[in-house]
Amino acid sequence: MDLAFTPEEQAFREEIRGWVKANLPAETAHKVHNALRLTRDDLQGWAKILGKKGWLGWGWPKEFGGPGWNAVQKHLFEEECALAGAPRVVPFGPVMVAPVIMAFGNKEQQERFLPGIASGEVWWSQGYSEPGSGSDLASVKCRAERQGDKYIVNGQKTWTTLGQYGEWIFCLVRTSTEGKPQTGISFLLIDMKSPGVSVRPIKLLDGECEVNEVWFDNVEVPAENLIGEENKGWTYAKHLLSHERTNIADVNRAKRELERLKRIARTEGVWDDVRFRDQIALLEVDVVALEMLVLRVLSAEKSGKNSLDIAGLLKIKGSEIQQRYSELMMLAAGPYSLPFIEEAMEAGWQGNFPGGEAANAPLASTYFNMRKTTIYGGSNEVQRNIVAQTVLG
Amino acid sequence: MDLAFTPEEQAFREEIRGWVKANLPAETAHKVHNALRLTRDDLQGWAKILGKKGWLGWGWPKEFGGPGWNAVQKHLFEEECALAGAPRVVPFGPVMVAPVIMAFGNKEQQERFLPGIASGEVWWSQGYSEPGSGSDLASVKCRAERQGDKYIVNGQKTWTTLGQYGEWIFCLVRTSTEGKPQTGISFLLIDMKSPGVSVRPIKLLDGECEVNEVWFDNVEVPAENLIGEENKGWTYAKHLLSHERTNIADVNRAKRELERLKRIARTEGVWDDVRFRDQIALLEVDVVALEMLVLRVLSAEKSGKNSLDIAGLLKIKGSEIQQRYSELMMLAAGPYSLPFIEEAMEAGWQGNFPGGEAANAPLASTYFNMRKTTIYGGSNEVQRNIVAQTVLG
Amino acid sequence: MDFDFSEDQGALRDAVQKWVEKGYDFERRRAIVAAGGFDRAAYGELADLGLAGLYVSEEDGGLGMGPVEGMVVMEALGRGIVLEPLAQTLITTGLLGGYAPAELKAAWLPRMASGEALVVLAHQERKARYKLDVCATTATQAGSGWALSGTKNLVPAADQADAFVVPAMAAGKLALFLVERTATGVGSSGHLTQDGSRAGELTLKDTPAQLITTDGLTALEHGVDIGIAAACAEAVGVMDKTVSITVEYMNTRKQFGVAIASFQALRHRVADMKMQLELARSMSYYASLKLNAPAPERRAAMARAKVQLGQSMRFVGQQAVQLHGGIGVTDEYIVSHYFKKLTQLEMTYGDTLHHLGEVSNRMQDTAGVFA
Amino acid sequence: MDFDFSEDQGALRDAVQKWVEKGYDFERRRAIVAAGGFDRAAYGELADLGLAGLYVSEEDGGLGMGPVEGMVVMEALGRGIVLEPLAQTLITTGLLGGYAPAELKAAWLPRMASGEALVVLAHQERKARYKLDVCATTATQAGSGWALSGTKNLVPAADQADAFVVPAMAAGKLALFLVERTATGVGSSGHLTQDGSRAGELTLKDTPAQLITTDGLTALEHGVDIGIAAACAEAVGVMDKTVSITVEYMNTRKQFGVAIASFQALRHRVADMKMQLELARSMSYYASLKLNAPAPERRAAMARAKVQLGQSMRFVGQQAVQLHGGIGVTDEYIVSHYFKKLTQLEMTYGDTLHHLGEVSNRMQDTAGVFA
């Protein structure tokens, strides 16, 4: 048992750090460090830089063109990217659909789709949730009817993150209404440029359009876009969900944001206020404890000797921490977090922010936006159900 | 709408205050103010003093020999007693069984039992809970079989508070197993000196014996001790529970204990520590908010215009506050709350308490003991079920 | 001790509630936000109901009512998350009525009561955060009058108001002044705030001003306490409606084949929301009923109330969103707007931690509603 | 980075766990409490397992092991809420091994490792609360040796231990001394503590003592940090068992016709307990793995760990009792003893608020496991 990283791991970290420093656009990092609005180009630009290096699929095995890193190396890569201010990689392509294609797609599908994902050229979206099925994902209604060599898709998906940029979307669709709800679901890849697909951005409470409704009106999808077998999609979706483990805790981002919180607290004059400072101290303990939890999971994955089934805990604690730092940032600025000046959330804005700190502009919006973290990706209530099941049976 | 008490209410309060000051034994008040062990004599002594004045049944209407006070007067009486350091009146006689006897007992029962309750001469206990039925009170199993003009009682009650002193006990007993569990319950008064009744004190986690198991082994109970009708006991029990309203919040005691907490914090040197002081400040806000909640209920009762169905809230908040002040008292003394010296919890103990503050002796024990408050009287989980029912349907 | 509302108070509540329900629906509110967060016409309608004159004496054209009526009105406005800053009028009419010289009262109070003139408190400065005695704006005597220089932020409806009550340092001591927006050297700008209402910056450069009182801190504290009581009452209205919206949603929304109102873990959350709501309502009563108490008692009561309200607002707002799930974070659905309003109210006139400090500093041996 | 236990560590854990399960059941423990809270025979059995020599070098007759082994052992002891103060031996062997002159080591460490001599830390004074640099006990030079005067409280097994490590002020600076219980001027008394173990008062009056180190604060802080890491590990064992007990009860106990494990609100509570347990376990690892780090890093880590452990202990202990209902507050049923142990551990070597202050005072711009 040893807390320190091995010399090899340290060297690996240094390599990543040097490369990120040399390749991450300064403008993008500035936006990330100050929670300013990221454009499609910011996100895809960084994805393509990673893709060119072969690191956009950083979790991929070598046989599919990935670097073949182990759990610790993946974590070190993620940590270095996060601390340097890289934007989170939009996960739907490289982290979510790619492993499903690798595990359950046929060779043709792998050759057809993986290169575009690995290079960052093709923007993927996720089509899971529907208006009636949030926590109850198995109740999806969006129908795909087989007609010859195609499926005709009708229905609606919602909460499709950044779907306004999407070129392809992977969907859970209903191909059968017989048996248990889980048994009639298929996993389909759909070209979003197909006739009948329409996307409507949903304005969120912070004024931003981060998620979308996606409508399918008699959309024709070639049957070759079906992953695996018809009516087995639930199995593939579950594989995808179980694939995500430590990533979901987002502890590296939390460490970066904790630093930002401290900067804001100094600027706003509450760093020396015991009351406020103690709130930060409590959060610091939370972040360290979460990081230790993540490291334990990584170590178990690396050694394969123990398996720690605590993904639910990572999701719950990680999301609560995200909410808490955003809350404390807003409270640090107090009244000066209250002006809502949309332009001030753009990098390079030169206006006069009331009170003088343009860095305060996104604080309340971020706090509002972060309420999503305990709702999406399996609400924290659902996660508690899962954790309780493992403990109580 | 007016916060102030009327001049009449103020005068009433002054009268009570003067009387309590003149009549509450100093030794008893000293024990209460320092959470020292109260004997049976301390408790019954004060009850008899109240009884002599006609105030032991302070909630009773005039027709039964009570003072006929309204809700506000009752509250002022309770507050003055609590702040002066009077022990809580053991409620089973005057507060719990008496109203049931008044509402559902016959004239003979009223004449037979009420005088002994009003004078404090007869010690009553409560026989509700059983080992298998805590939160699920309707599942009581203790059987009473009618044989001619008596009932034969067999079974067990538990958590009978101070039952070791009990002379009479009112019990929920099962007289029928047909229909819903609620419909086969009867309300029976049992002389605890009857053959076949045995009482076994249960030692609690603080080392004290506050509650008991009570066993009934073929106990003969005259049928004239049945309250109301056979199999209607559940209705009477519910009446009793709904009768208790503001009393359950125990806010007057909380105010007294808040003062004690502040004394301890000063003695232990944490009064000037911002961190600790803030904890007290938060509790102070809680206590004031609870008191306002209680006053709102009292006002509604007095005017009869609005009814506030928030008894569940009073129980939840009141019990949480009791736990919190006992926790903070213990934490204020910190390491010096840790010696467990049973004798030091007796008034007048002259030993050397480690660290020098004999007043610290009961702090941890009280904290441990107070864990009961969120469990008994309908656990806080059950209370939340009830509150949710009123809000959500 | 009596917490029943009088018939007049009930009628007042009904009148305001009716206006909110019929005259200020979500669509109108949305249009006002889109247009900048303040609608003079809507403010005029409030004035037509007599509300702008609530704290103005009858001889000055007002209703001459007190804190309980103020509470009733603010709670009703809270239920509709009304944007127009009536609380400002309660503050400024209270300050002018209580502290201004007779001629200033005569010149302004009737116009304020009728809604013709909107006067707001402009006290926030960059370095002050929640402290009322930190003030860099200066006042110098200029002939028979005064001239003010400085910058105030987050002034409600700064570019729409007709005049401002402005604290400034006069010879080292805080004094309060009235400044008209049309006076020389006044600059004002406007922006939305997070709850959709309007605020702005006020700059003063040798701006002529009329003295309200040289005992500025006393008056400012009083004014802010009127604001705190109003914010508490408003928050109760917001929370009450938030709970209703959530309850309705939970009884409608189905997951796993049943209404989500049937899940015990969520039911207990609702019980906790109800707890926070009722504690908050109790402390809002407390705040309003202490508003006319002597200053130390009044200040202590406001701090206690704001601590409770702050905790309640945060819990109720966050849980309402959580219980709604995804729909709770959309702009389209109404609950997020209630959440944002609660968030902003928590930071209005001192947040929870600030007031916890105030309670902590003021603690006495004995505590309670009457101590 | 590797959190797997080695085979030897696994074997050590198994050995201790076996002793706890077979040799230290609830009835034996209850008898020890009734007899005063300390059983020399039980302590001897721990020593026979080699545990008293865990931190003693092999040349001095110990096992020469490190913090991870200490953690493994303390966690296993925690599962059985063992009363005998092995943590004291970890502290005092650590201190003597790290700071004492050679002859003192040679005279004591072998006897401590074998269990023949029990040496405990006697640092608590009345005015110190959790502060380590507050000390009224004085040391004066007496010939070639030293003489100590003062009173220490809450000394573990004070009237049973053979010697004490005692901080005292020598010429204005804190130094550490070894004092034998049989020395002149020593008074010791004994009493139970809330968790059923034994402690007592130690009075010294011109008592001869041997100097361990004049750099007393450095050493004392180190010793207390060994104690904190041990307390964290022990707490994890206590909590782990507490959760198991609670889970078993919930699957057995029926109300309303079903096992109470089926109620969602209670299930979520258990999920929260599991969360607290795993966060606590993580931070116990962290504490033990930082125990050999440079002092500032080590102290900071202990403070962070104790804040997490303190929160976890309070939550797990209180909720375990709550989920048991009435039976949870009885002396007869085991869970209350786990709860009391957790309560006492929270207040051992600084409670949660104390260590929150330490974290707060030490905060840097950057934070994390490696920062």
Side-chain angles (χ1 to χ4, degrees), chain B residues 129 131-136 138-139 158-159 181 202-211 268-270 273-276 278-279 323 327 330-331 333-342 344 352-357 363-365 367-372 374-376 379-382 384-385, chain D residues 33 37 124-130 151 153-155 158 189 191-197 199-201 253-257 260 263 265-266 269 314 317-318 321-333 335-337 339-340 343-344 346-354 356-357 360:
Chain B
S129 294
S133 68
S135 292
D136 180 14
S139 70
T158 193
W159 311 131
I202 301 172
K203 193 174 165 189
L204 294 189
L205 78 173
D206 58 354
E208 305 285 311
C209 291
E210 192 182 37
V211 294
E268 297 298 320
V270 292
D273 169 354
V274 171
R275 270 177 202 100
F276 200 92
D278 278 4
Q279 306 300 315
Q323 293 186 334
E327 183 171 279
M330 176 183 71
L331 292 173
Y336 290 105
S337 69
L338 294 178
F340 178 62
I341 299 175
E342 288 203 71
N352 163 35
F353 191 80
E357 296 296 332
L363 299 184
S365 293
Y367 167 70
F368 295 141
N369 183 275
M370 284 292 152
R371 301 319 301 173
K372 72 187 178 192
T374 47
I375 296 170
Y376 70 9
S379 75
N380 284 21
E381 287 78 14
V382 167
R384 282 192 172 83
N385 286 346
Chain D
V33 175
Q124 185 73 51
E125 295 192 7
R126 172 58 181 149
K127 296 208 168 156
R129 203 174 151 80
Y130 299 123
T151 301
N153 295 116
L154 286 161
V155 180
S189 62
H191 57 77
L192 281 176
T193 59
Q194 297 292 343
D195 68 351
S197 69
E201 202 165 68
R253 168 76 171 174
K254 289 189 176 176
Q255 291 282 275
F256 305 105
I260 62 171
F263 293 108
L266 308 191
R269 204 86 56 82
R314 205 183 296 179
Q318 292 180 347
V321 170
Q322 182 70 23
L323 290 170
H324 276 80
I327 198 97
V329 295
T330 63
D331 176 77
E332 189 179 338
Y333 195 75
V335 77
S336 70
H337 300 267
F339 167 55
K340 290 197 282 185
T343 304
Q344 183 151 333
E346 191 194 336
M347 286 183 280
T348 300
Y349 306 125
D351 68 4
T352 310
L353 270 191
H354 168 81
L356 179 60
S360 188

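Order of the sequence lines sets the chain letters (A, B, ...), proteins ahead of strands, with each chain counted from 1.
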- Query: What pair of heavy atoms forms the shortest contact from P354(B) to H191(D), and how long is it?
  - Reply: CG-NE2, 3.4 Å

- If every non-hydrogen atom of P131(B) is compared with every non-hydrogen atom of R253(D), which pair is closest and at what distance? O-NH1, 2.6 Å

- Message: Which atoms of F276(B) are under 4.5 Å from chain D, going by heavy atoms: the side chain, the backbone, both sets, or neither?
- Response: both

- Please look at V211(B) and chain D and tell me whether the side chain, the backbone, both or neither of the residue comes under 4.5 angstrom of a heavy atom of that chain. neither

- Please lay out, stage by stage, how F263(D) and E381(B) fare under the test side-chain contact (heavy atoms from CB on, under 4.5 Å). CA-CA 10 Å; F263(D) 293 108; E381(B) 287 78 14; over 6 Å; no

- Message: Show the nearest heavy-atom pair for residues D136(B) and G257(D), with the distance to one decimal.
- Response: OD2-N, 4.2 Å

- Message: So for E327(B), is it side chain, backbone, both, or neither that comes closer than 4.5 Å to the heavy atoms of chain D?
- Response: side chain

- Between chain D and each of G355(B), S139(B), G269(B), G134(B), count heavy-atom pairs under 4.5 Å; write down the option with the most. G355(B)

- Is any side-chain heavy atom of L353(D) less than 4.5 Å from a side-chain heavy atom of L331(B)? no

- Nearest 0.5 Å please: distance from the CD atom of Q194(D) over to the CD1 atom of I341(B). 9.5 Å

- Message: Keeping Q255(D) on the side-chain end and G132(B) on the backbone end, is there a donor-acceptor pair under 3.5 Å?
- Response: yes

- Note on the structure: Per-residue tally against chain B (heavy atom, under 4.5 Å) across K340(D), E201(D), E332(D) peaks at K340(D)

- Message: Distance alone, cut at 3.5 Å: any donor-acceptor contact between the side chains of Q318(D) and Q323(B)?
- Response: no

- Task: Against chain B, label S360(D) side chain, backbone, both or neither, depending on which of its atoms sit under 4.5 Å from a heavy atom there.
- Result: side chain

- Count the heavy-atom pairs under 4.5 Å between each of S133(B), G207(B), A138(B), P181(B) and chain D, then report the option with the highest count. S133(B)

- Message: Please classify the contact of S337(B) with chain D as side chain, backbone, both or neither, using a heavy-atom distance under 4.5 Å.
- Response: both

- Tell me, for S189(D) versus chain B, whether the close heavy atoms (under 4.5 Å) come from the side chain, the backbone, both or neither. neither

- Are any side-chain N or O atoms of Y376(B) and backbone N or O atoms of G326(D), one a donor and one an acceptor, separated by less than 3.5 Å? no

- Task: Find the one option among H337(D), Q344(D), K127(D), E346(D) whose heavy-atom pairs under 4.5 Å with chain B are most numerous.
- Result: Q344(D)

- Query: Given a strict heavy-atom distance threshold of 4.5 Å, which part of S135(B) is in contact with chain D: side chain, backbone, both, or neither?
  - Reply: both

- Quick one: what part of N352(B) sits under 4.5 Å from any heavy atom of chain D, side chain, backbone, both or neither? side chain

- Message: With heavy-atom distances below 4.5 Å as the criterion, would you say the side chains of L204(B) and T330(D) are in contact?
- Response: yes

- Message: Just so I understand: if I count every heavy-atom pair under 4.5 Å between each of T343(D), I327(D), I260(D) and chain B, which residue has the most?
- Response: T343(D)

- Item | Pair I375(B)-V321(D), side-chain contact (heavy atoms from CB on, under 4.5 Å): steps then yes or no | CA-CA 9 Å; I375(B) 296 170; V321(D) 170; 4.3 Å; yes

- What orientation do F339(D) and Y367(B) show, parallel under 30°, tilted 30 to 60°, or perpendicular over 60°? tilted

- Task: Please look at A333(B) and chain D and tell me whether the side chain, the backbone, both or neither of the residue comes under 4.5 angstrom of a heavy atom of that chain.
- Result: backbone

- Checking L338(B) against chain D: side chain, backbone, both or neither under 4.5 Å from a heavy atom? both

- Message: I need the minimum non-hydrogen distance between E357(B) and R126(D), along with the two atoms involved.
- Response: CG-NH2, 2.9 Å

- Interface moiety of L266(D) toward chain B, non-hydrogen atoms closer than 4.5 Å: side chain

- Query: Of L154(D), N153(D), T193(D), which is the lone residue that meets side-chain contact (heavy atoms from CB on, under 4.5 Å) with P339(B)?
  - Reply: L154(D)

- Task: Considering non-hydrogen atoms only, spot the tightest contact between G334(B) and M347(D) and give its length.
- Result: O-SD, 3.5 Å

- Message: Between Q322(D) (side chain only) and T374(B) (backbone N and O only), is there a donor and an acceptor less than 3.5 Å apart?
- Response: yes

